[in-house]
Amino acid sequence: MSKRMIKFTPIAASVALTLGLTACGSDNDRNVYVPPVESFSSSDDAQFNVEVTGKAVKGAMMNAVVSVSTLDATGQSVPVAFRLEASSEAESFSGEGLSQDAADADLEANKIAGNPDDVLTNESGRYSIFLEDNFTGPVYITVKTSEEGDESFLRCDAYLGCGSYATAPEVDDVNDGDTAIEFGEWYKTDLELSVIKFVPAITADTSGASGAQGDPGVSRSLTANATLFTTIGSQLIITAGGEVGPPTIAEVSLRSFFQLMGPDSTLQIPELLADPSIGGAVDLSDVDGEEELSEGILAISQIASSIQGLDSISDVLSKLKTGIKDGKLSGSDDAEIAALAAKLQQAVTNTSNIFLAIATGDDDAIEAAIINAFNVVNPNATDAEKDAFILQAAGIAAKAKAAKNKAIKNGAATDASLALIAKKVKKH
């Protein structure tokens, strides 16, 4: 929608001063003449019908705080106007200032002042925001859970668990009442995922479009999932600075996938290499069927699941970002990054073995794979620790099998396709 700029002239003001000044023009009574002050105005009618929607998953992030901004020509984050619902009619805005630029800035500030105070994800980690119809450029979205202070939660989708609770939660439909954070359980932690989505200019007729959630009047709907890969990519882009566009996103995406997944698995996700935000948001503990569990998507999900089972997700993401930036993960000159790469590789192998058992075996095979993975990760575990985990393993196996059945029921895969891709991913 075009912006209407209106420049209007002088608001005249004569100020009588008796200071005896001769500058600025004066009369014989020593009254000083002050030149008129020019004021500028800007006005615009705006509608917010460009939907940007996605899920934040590492597993799913529930009630997580969503922040939205754009990136300027130097790559710095700056506010952007958005709404939580599509516009049913245009909103009118105006701004004023002592220059046209100042009036335009005041106009934008008034649009931004209408932004919602709180944006939260739902239980699946989904969010939806609506940008102005004529917006084009990068949108920077962060999604954050906190260990304290709010009602945000992260779901554990690591088969070997995600640590332990300080205090055991009450027994419910996902928590069994012990202090272990097990597969499928919700827990509190500090985690921030992010994504940079480039919104292109309109190049086609968008009449008749509708939003991903069925919202009427939506002119365009773009997917922007926040995942492990989009987080590393967005951090690399922002650290590098400079103008952000599709080539930048694609270059960083390819580099990240190649180093984290290897060439074989990377070749299985050609559609994500230019824009990783359009896929890969799968929580292995609760597959909703929005994405097909293809070979490439399963590989991505298994890496993300494996990372969640390591000591600190945020610390892991930081080290991975540094390694990818330097061009080395495995074999890095940084001893900590090299050790992390080896640990992650073993974790991914364990996850693949467990998933293969889930896809092709019975309850006993799943339980055995889970126990074996625990022993590999914890070679120095005491007999008491091993016995305690064995008691948990049957419950974990049951939850994992139920998640597989739900994925099939929701159309994410079939029994046959799941068994086939599980074998292929394990080979990689």
side-chain contact (heavy atoms from CB on, under 4.5 Å) for Val139 and Phe198? Distances and angles first, verdict last. CA-CA 6 Å; Val139 183; Phe198 190 86; over 6 Å; no
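- The closest donor-acceptor contact from the side chain of Asn175 to the backbone of Val171 lies at 3.5 Å or more, if one exists at all.
- Within the 4.5 Å cutoff, the side chain of Asn350 has no heavy atoms near those of the Asn372 side chain.
- Looking only at distances, no side-chain donor or acceptor of Ser417 sits under 3.5 Å from a matching main-chain atom of Ala413.
- Glu147 CD: more than 12 foreign heavy atoms inside a 6.0 Å radius.
- The OG atom of Ser305 sits 5.0 Å away from atom CG of Leu284, with the distance rounded to the nearest 0.5 Å.
- Heavy-atom neighbours of Gln346 CD from other residues, nucleotides or ligands within 6.0 Å: above the threshold of 12.
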Could you walk me through whether Ile297 and Val282 pass the side-chain contact (heavy atoms from CB on, under 4.5 Å) check? CA-CA 8 Å; Ile297 296 301; Val282 174; 3.7 Å; yes
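- Between the side chain of Asp106 and the backbone N or O of Ala102, no donor-acceptor pair lies under 3.5 Å.
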Pair Phe229-Leu260, side-chain contact (heavy atoms from CB on, under 4.5 Å): steps then yes or no: CA-CA 9 Å; Phe229 288 91; Leu260 278 170; 3.6 Å; yes
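- To the nearest 0.5 angstrom, Gln308 atom CD is 11.0 Å from Leu228 atom CG.
- Closest non-hydrogen pair, Ile278 versus Thr223, comes out as CA-CG2, 4.0 Å.
- A distance-only check finds no donor-acceptor pair linking the side chain of Thr248 to the backbone of Val244 [under 3.5 Å].
- More than 12 heavy atoms of other residues, nucleotides or ligands sit less than 6.0 Å from atom OH of Tyr165.
- Side chains of Ser94 and Ser43: no donor on one and acceptor on the other come within 3.5 Å.
- Taking 4.5 Å as the limit, every side-chain heavy atom of Leu418 sits out of range of all side-chain heavy atoms of Thr414.
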Step by step, work out the side chain to side chain donor-acceptor pair (under 3.5 Å) result for Asn63 and Ser152. CA-CA 4 Å; Asn63 292 331; Ser152 62; over 6 Å; no
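- For Val80 against Ile112, the heavy-atom pair with the smallest separation is C-CG1, 3.9 Å.
- Geometrically, Arg83 engages Phe48 in a cation-pi contact, judged by NZ or CZ lying under 6.0 Å from the ring centre and within 45° of the ring axis.
- By the salt bridge (Lys or Arg N to Asp or Glu O under 4.0 Å) test, Lys321 pairs with no residue at all, sequence neighbours left out.
- A 4.5 Å side-chain heavy-atom check between Met62 and Leu120 finds every atom pair outside the cut-off.
- When every heavy atom of Ile366 is checked against every heavy atom of Ala357, the shortest pair comes out as CG1-O, 3.6 Å.
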Let me have the donor-acceptor pairs involving side chains of residues 322-330, under 3.5 Å, with sequence neighbours excluded, atom names and distances please.
unit_1, atom_1, unit_2, atom_2, d
Thr322, OG1, Ser318, O, 3.1

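- Counting non-hydrogen atoms of neighbouring residues, nucleotides and ligands closer than 6.0 angstrom, the CG atom of Leu98 reaches no more than 12 such neighbours.
- Listed by chain and number, the residues in a side chain to side chain contact (heavy atoms under 4.5 Å, CB included) with Lys144 are Ser146, Glu192 (sequence neighbours excluded).
- For the pair Leu340/Leu310, a side-chain contact is recorded, criterion being any heavy-atom separation below 4.5 Å from C-beta on.
- The one candidate from Val348, Leu420, Leu356, Leu298 that meets the side chain to side chain contact (heavy atoms under 4.5 Å, CB included) condition with Val425 is Leu298.
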Side chain to side chain donor-acceptor pair (under 3.5 Å) assessment of Ser87 paired with Gln47: CA-CA 5 Å; Ser87 298; Gln47 288 187 274; 5.3 Å; no
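- Side-chain contact between Ser194 and Ile141: absent, with no pair of heavy atoms (C-beta onward) separated by less than 4.5 Å.
- Residue Glu243 places its CD atom among 12 or fewer non-hydrogen atoms of other residues, nucleotides or ligands, all under 6.0 Å distant.
- With contacts defined as side-chain heavy-atom distances shorter than 4.5 Å, the pair Thr231/Val195 does not qualify.
- A donor-acceptor distance shorter than 3.5 angstrom exists from the side chain of Thr70 to the backbone of Pro138, with no hydrogens or angles considered.
- Lys58 pairs in a side chain to side chain contact (heavy atoms under 4.5 Å, CB included) with only one of the listed residues (Leu317, Thr227, Asp157, Thr145), which is Asp157.
- Of all heavy-atom pairs spanning Val143 and Ala64, the tightest one is CG1-CB, 3.4 Å.
- Arg220 CZ to Phe135 CZ: the interatomic distance, rounded to the nearest 0.5 Å, is 10.0 Å.
- Remark: Asp283 does not engage Lys55 in a salt bridge, criterion side-chain N to carboxylate O under 4.0 Å.
- A distance of 13.5 Å separates NZ of Lys409 from CG of Asp288, quoted to the nearest 0.5 Å.
- Between Asp334 and Lys319 no salt bridge is recorded (no basic side-chain N to carboxylate O distance below 4.0 Å).
- Ile249 places a side-chain heavy atom less than 4.5 Å from the side chain of Pro276.
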Worked verdict on Thr53 versus Arg126 for side chain to side chain donor-acceptor pair (under 3.5 Å): CA-CA 7 Å; Thr53 184; Arg126 178 169 292 284; 2.8 Å; yes
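- Remark: Lys188 qualifies as a cation-pi partner of Phe153 under the 6.0 Å distance and 45° angle criteria applied to the six-membered ring.
- Taking the six-membered ring for Trp, Phe82 and Phe130 have ring centres at least 6.0 Å apart.
- Within the 4.5 Å cutoff, side-chain heavy atoms of Glu132 are placed close to those of Asp44.
- Here the side chain of Ser253 pairs no donor or acceptor atom with the backbone of Ala274 at under 3.5 angstrom.
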Pair Asn410-Ile408, side-chain contact (heavy atoms from CB on, under 4.5 Å): steps then yes or no: CA-CA 5 Å; Asn410 288 338; Ile408 293 171; over 6 Å; no
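- Shortest non-hydrogen contact noted between Asp133 and Ser219 is OD1-OG, 4.2 Å.
- Taken to the nearest 0.5 Å, the CD atom of Glu182 stands 4.5 Å off from the CD atom of Gln392.
- Checked against Lys197 for a side chain to side chain donor-acceptor pair (under 3.5 Å), the options Asn225, Asp275, Thr230 give a single hit: Asp275.
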What do the steps show when you test Glu96 against Ser41 for side chain to side chain donor-acceptor pair (under 3.5 Å), and what is the final call? CA-CA 4 Å; Glu96 298 201 9; Ser41 71; 5.8 Å; no
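- The CD atom of Glu295 lies 10.5 Å from the CD1 atom of Ile269; values are rounded to the nearest 0.5 Å.
- Nearest heavy atom pair, residue Thr136 against residue Pro200, reads OG1-C, 3.5 Å.
- Remark: the Asp264 side chain and the Gln268 side chain contain no N/O donor-acceptor pair separated by less than 3.5 Å.
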